[in-house]
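First the proteins, then the strands, lettered A, B, ... as listed; each starts at 1. What you see is a predicted model, and the numbers here were worked out from it, not measured in a lab.
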There are 4 protein chains.
Amino acid sequence: MKNNKPKYNQIIEAAVKVIAENGYHGSQVSKIAKAAGVADGTIYLYFKNKEDVLVSVFEEKMGEFIKQIEESTNQKQNANEKLFTLIKMHFEQLSADYHLAIVTQLELRQSNYDLRIQINNVLKRYLTVLDNILKEGIQQQLFRDDLTIPLVRQMIFGTLDEIVTNWVMNEQKYDLNKQVPAVHDLFMKGLSVD
Amino acid sequence: MKNNKPKYNQIIEAAVKVIAENGYHGSQVSKIAKAAGVADGTIYLYFKNKEDVLVSVFEEKMGEFIKQIEESTNQKQNANEKLFTLIKMHFEQLSADYHLAIVTQLELRQSNYDLRIQINNVLKRYLTVLDNILKEGIQQQLFRDDLTIPLVRQMIFGTLDEIVTNWVMNEQKYDLNKQVPAVHDLFMKGLSVD
Amino acid sequence: MKNNKPKYNQIIEAAVKVIAENGYHGSQVSKIAKAAGVADGTIYLYFKNKEDVLVSVFEEKMGEFIKQIEESTNQKQNANEKLFTLIKMHFEQLSADYHLAIVTQLELRQSNYDLRIQINNVLKRYLTVLDNILKEGIQQQLFRDDLTIPLVRQMIFGTLDEIVTNWVMNEQKYDLNKQVPAVHDLFMKGLSVD
Amino acid sequence: MKNNKPKYNQIIEAAVKVIAENGYHGSQVSKIAKAAGVADGTIYLYFKNKEDVLVSVFEEKMGEFIKQIEESTNQKQNANEKLFTLIKMHFEQLSADYHLAIVTQLELRQSNYDLRIQINNVLKRYLTVLDNILKEGIQQQLFRDDLTIPLVRQMIFGTLDEIVTNWVMNEQKYDLNKQVPAVHDLFMKGLSVD
DNA sequence: AATGAATGAGGGTTCATTCAT
DNA sequence: TATGAATGAACCCTCATTCAT
């Protein structure tokens with residue numbers, strides 16, 4: 001198992017730090033290696049190439065990110081609360097990890113098409129969580145039954161992602177966590193007065 | 001005036017085509033020049049450097065994109081219809097220009113931080129249009145008066161952007177325009193049953 | 001005749017100014033053209049190529065420089081006075097023309113081998129003046145008759161050139177003209193005590 | 001230590017050869033690398049950039065050149081003999097190294113202002129040797145005590161440099177070493193008959 | 001397993017020169 | 001004569017990857 005090798009994790013952690021501090025294009029393999037305390041060549045004993053390092057960063061970090069959301073939402077009984085928890089956990093985790101937020105929202109987006117395909121694969125698990133909450137909400141008659149699930153999923157994910165990106169680009173000046181109720185309320189009630 | 005110079009436009013059009021077909025990192029200056037039917041050096045008579053070409057592509061294309069949305073929404077009387085028109089025009093224009101959709105949704109996002117800052121400046125006009133519709137809707141008592149405008153704006157933009165990006169990444173297999181009423185409905189009514 | 005064309009001289013004068021202010025490598029044809037108030041292409045109506053401009057600058061300016069020295073030394077009766085006058089005129093003329101001194105001592109030396117060959121041709125007239133003074137001095141029994149003329153010529157030219165170059169590189173902080181008697185004295189008497 | 005790295009010296013030697021044979025402007029990094037038997041990128045493991053290679057060539061070669069002169073003159077007892085030895089060593093060393101003479105006398109002078117500043121710094125050691133000989137000569141009452149040392153230093157250096165440059169530009173057709181006594185004699189006795 | 005010196009392909013940009021007007 | 005827009009060849013440097021030790 002990859003993850004049990006200590007150097008593997010050293011490299012992943014170093015990569016997050018280096019990318020957050022130097023940007024995607026300022027993160028040479030040699031810089032990551034140095035930050036990880038290994039030789040350049042050692043990177044290639046644990047990763048196929050540089051792209052594999054970046055994908056792995058995303059997989060490891062987003063895997064944990066999604067796992068936390070899964071576990072937290074599972075503890076809630078109804079879809080409404082689950083949605084609230086998902087939003088809360090999404091904002092909370094990225095608020096808590098300064099480096100990670102920069103890396104996922106800004107830097108890894110500069111990767112090429114192929115890398116983004118792989119990133120999307122990782123995100124599928126997140127989208128599945130969302131889909132399940134939506135289905136459950138409809139069954140529980142908390143959500144409208146005429147909703148197109150993929151569309152709603154895109155709305156929710158697009159919104160959360162946009163909000164976090166804006167927050168990161170504004171140098172994280174305000175408290176993201178305070179937005180949770182308003183965002184949840186917006187999803188639930190929409191714009192209309194009645 | 002920049003725009004009246006035919007070579008300027010030739011280069012812009014060539015850049016869109018080359019970037020759409022070769023990806024951001026596969027779009028060398030020489031490739032763009034060849035596609036535009038000019039010499040490499042000619043690029044530098046019209047643009048400061050390669051980045052300036054890319055910024056200009058975005059400015060010209062998104063400028064027109066936003067102008068169309070502004071004009072169309074201005075012809076509508078109430079905020080509800082304006083929002084509908086905005087969504088419709090957003091999807092319509094990107095549906096209609098295969099290359100442009102790829103470039104704006106996928107390729108230009110791979111640009112570095114500085115370029116993305118400039119891209120965001122161009123998008124401000126779009127966000128202003130959105131903000132004005134929202135303010136108008138609240139005044140007209142069509143939208144709830146407890147809405148946080150920046151948040152709603154982020155929701156709408158994030159959603160539309162995510163939907164278009166998904167459509168492009170799915171190789172534009174389905175008809176984006178058919179989604180307009182559902183998206184509009186989603187924004188208006190939210191998820192709740194009542 | 002080249003010299004009667006006003007544009008020819010405009011370009012020469014512009015070249016001296018531009019090279020003095022921007023250095024050899026910062027003096028593009030377009031910059032010289034602009035300073036001369038002509039179009040880039042016009043340069044090529046009066047000069048074969050850029051190198052020809054630079055050679056012509058040297059020819060024109062050094063031609064006048066040497067002519068002044070020839071005329072002044074011719075008015076002196078003996079070789080000793082002629083040598084004194086040559087040194088005086090050499091320093092005087094370069095002291096008086098700030099731009100010219102920079103161009104001849106520093107910038108044109110950065111030219112390539114071929115250009116320097118042509119520069120040396122221009123300097124031959126100067127060296128001939130020197131040789132004649134030396135021959136005359138020997139005939140007049142003012143100078144030792146065992147002198148090797150080419151060697152002495154190289155000593156005198158090398159010395160004057162080195163002194164002026166040092167003065168230019170020290171940003172012309174001291175008065176070059178005050179050095180004339182000491183330099184002349186040095187040439188005449190050498191280092192020995194007796 | 002730089003000098004113990006074999007590649008460092010390979011590159012220096014290759015640079016001298018390439019510059020001597022192709023001229024300053026014909027000496028691309030790739031050409032130097034090829035001549036040194038290393039990859040282009042290897043140059044940048046040992047030198048900051050191309051200019052650093054050229055400065056280092058001058059530092060290494062002139063450093064050795066000056067060291068030889070220092071050691072040889074130190075073995076002589078009086079200033080007169082030291083001056084003779086300095087001239088002799090100056091001519092001897094450049095006579096002995098065909099490539100080096102071309103590089104120092106012709107090609108490196110085509111470098112830009114910044115590089116020439118650094119070259120001048122290297123030469124300061126040579127000028128100090130000269131100054132010390134002059135001071136010693138005055139103390140020993142072998143040289144006139146009314147000499148202005150900087151001026152005499154400029155005369156001697158300017159003369160030697162001009163003589164060697166002429167010899168190189170004449171394709172080294174005559175024996176430079178035979179000139180030593182005459183040059184020394186000229187410095188000592190000057191031009192005057194008495 | 002680990003090292004790190006060495007590799008070498010690849011591209012944005014400048015600028016002397018040309019030529020249609 | 002004069003223009004100046006257009007040309008396109010030329011080059012330094014970076015950095016992901018390899019491989020002998």
Side-chain angles (χ1 to χ4, degrees), chain A residues 5-8 10-11 25-34 36-54, chain B residues 5-8 10-11 25-34 36-54, chain C residues 5-8 10-11 25-34 36-54, chain D residues 5-8 10-11 25-34 36-54:
Chain A
K5 308 232 182 177
K7 297 236 163 127
Y8 175 87
Q10 276 173 45
I11 293 166
H25 289 111
S27 298
Q28 296 81 359
V29 170
S30 62
K31 211 177 267 176
I32 295 171
K34 195 176 179 188
V38 300
D40 294 15
T42 306
I43 301 266
Y44 293 86
L45 298 176
Y46 293 92
F47 300 90
K48 200 152 75 314
N49 50 32
K50 186 182 180 182
E51 182 173 305
D52 188 30
V53 177
L54 303 176
Chain B
K5 305 228 183 183
K7 296 252 159 96
Y8 176 87
Q10 275 174 47
I11 294 166
H25 290 111
S27 298
Q28 297 83 351
V29 169
S30 61
K31 215 177 263 176
I32 295 172
K34 198 174 178 187
V38 299
D40 291 16
T42 305
I43 302 268
Y44 294 87
L45 296 177
Y46 295 92
F47 301 91
K48 208 157 70 286
N49 49 34
K50 185 182 180 182
E51 179 172 309
D52 189 29
V53 177
L54 303 176
Chain C
K5 308 235 181 176
K7 297 236 163 127
Y8 174 87
Q10 277 173 45
I11 293 166
H25 289 111
S27 298
Q28 296 81 357
V29 169
S30 63
K31 211 178 265 176
I32 295 171
K34 197 176 178 188
V38 301
D40 294 15
T42 305
I43 301 267
Y44 292 86
L45 297 176
Y46 294 91
F47 301 90
K48 201 154 76 297
N49 51 32
K50 186 183 181 181
E51 181 173 306
D52 189 28
V53 177
L54 303 176
Chain D
K5 305 228 182 182
K7 297 251 158 98
Y8 175 87
Q10 276 174 46
I11 294 165
H25 290 111
S27 298
Q28 296 83 352
V29 169
S30 61
K31 214 177 264 177
I32 295 172
K34 197 174 178 188
V38 300
D40 292 16
T42 305
I43 301 268
Y44 294 88
L45 296 176
Y46 294 92
F47 300 91
K48 208 156 71 289
N49 49 33
K50 186 183 178 180
E51 180 172 308
D52 190 29
V53 177
L54 303 176

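Closest non-hydrogen pair, His25(C) versus Gln28(C), comes out as O-NE2, 4.1 Å. Heavy-atom minimum distance, Asp40(A) versus Ser30(A): OD2-CB, 3.4 Å.
The residue among Gly41(B) and Gly41(D) whose nearest nucleotide of DNA chain F is located toward the 5' end is Gly41(B). DNA chain F is contacted by both Asp40(A) and Ser30(D); Ser30(D) maps to the nucleotide lying nearer its 5′ end (nearest heavy atom per residue).
If you take NZ of Lys34(D) and P of dT7(E), they are 14 Å apart, rounded to a whole angstrom. Note: CD1 (Ile43(D)) to C1' (dC11(F)) measures 14 Å, nearest angstrom. Atom pair Leu45(C):CG and dT18(E):C1' shows a separation of 11 Å (rounding to whole Å applied). Computed from coordinates, the His25(A) NE2 to dA16(F) P distance equals 10 Å when rounded to whole Å. Separating the CZ atom of Phe47(C) from the P atom of dT18(E) is a distance of 16 Å, rounded to the nearest angstrom. Following rounding to the nearest Å, Asn49(D) (CG) and dC13(F) (P) show an atom-to-atom distance of 5 Å. Rounded to an integer number of Å, the gap from Leu54(C) CG to dA16(E) C1' is 12 Å. Rounded to an integer number of Å, the gap from OH of Tyr8(C) to P of dA2(F) is 15 Å.
The side chain of Lys50(B) contributes no N or O atom lying less than 4.0 Å from OP1 or OP2 of dG11(E). The side chain of Thr42(C) places an N or O atom within less than 4.0 Å of a non-bridging phosphate oxygen (OP1 or OP2) of dT3(F). Taking side-chain N and O atoms only, Tyr46(D) has a distance below 4.0 Å to OP1 or OP2 of dA6(E). At the phosphate of dA1(E), neither OP1 nor OP2 sits under 4.0 Å from any side-chain N or O atom of Lys7(A). Proximity of Lys31(C) to the phosphate of dC15(E): no side-chain N or O atom is located under 4.0 Å from OP1 or OP2.
One finds the CD1 atom of Ile43(C) at 10.0 Å from the CD atom of Gln10(C) (value rounded to the nearest 0.5 Å). Interatomic distance, OG of Ser27(A) versus CG of Leu54(A), reported as 8.0 Å (0.5 Å rounding). From Lys31(A), atom NZ reaches atom NZ of Lys34(A) across 9.5 Å, with rounding to the nearest 0.5 Å.
With dT7(E), dT13(E), dA16(F) as the candidates, the nucleotide lying closest to the side chain of Tyr44(B) is dT13(E). Residue Ala39(B) places its side chain closer to dT7(F) than to any other of dT7(F), dG12(E), dC13(F). Between dA16(E), dA16(F), dC12(F), one nucleotide has an atom nearer to the side chain of Gln28(A) than all others, and that is dA16(F).
The shortest side-chain heavy-atom distance between Asn49(D) and Asp52(D) falls under the 4.5 Å cut-off.
If you check every strand for non-hydrogen atoms under 4.0 Å, Val29(D) touches sugar and phosphate atoms only.
Across every strand in view, dA5(F) sits in a pair with dT18(E) that passes the Watson-Crick or G-U test at under 3.5 angstrom. With both pairing distances under 3.5 Å, dA1(E) is matched to nothing as a Watson-Crick or G-U wobble pair.
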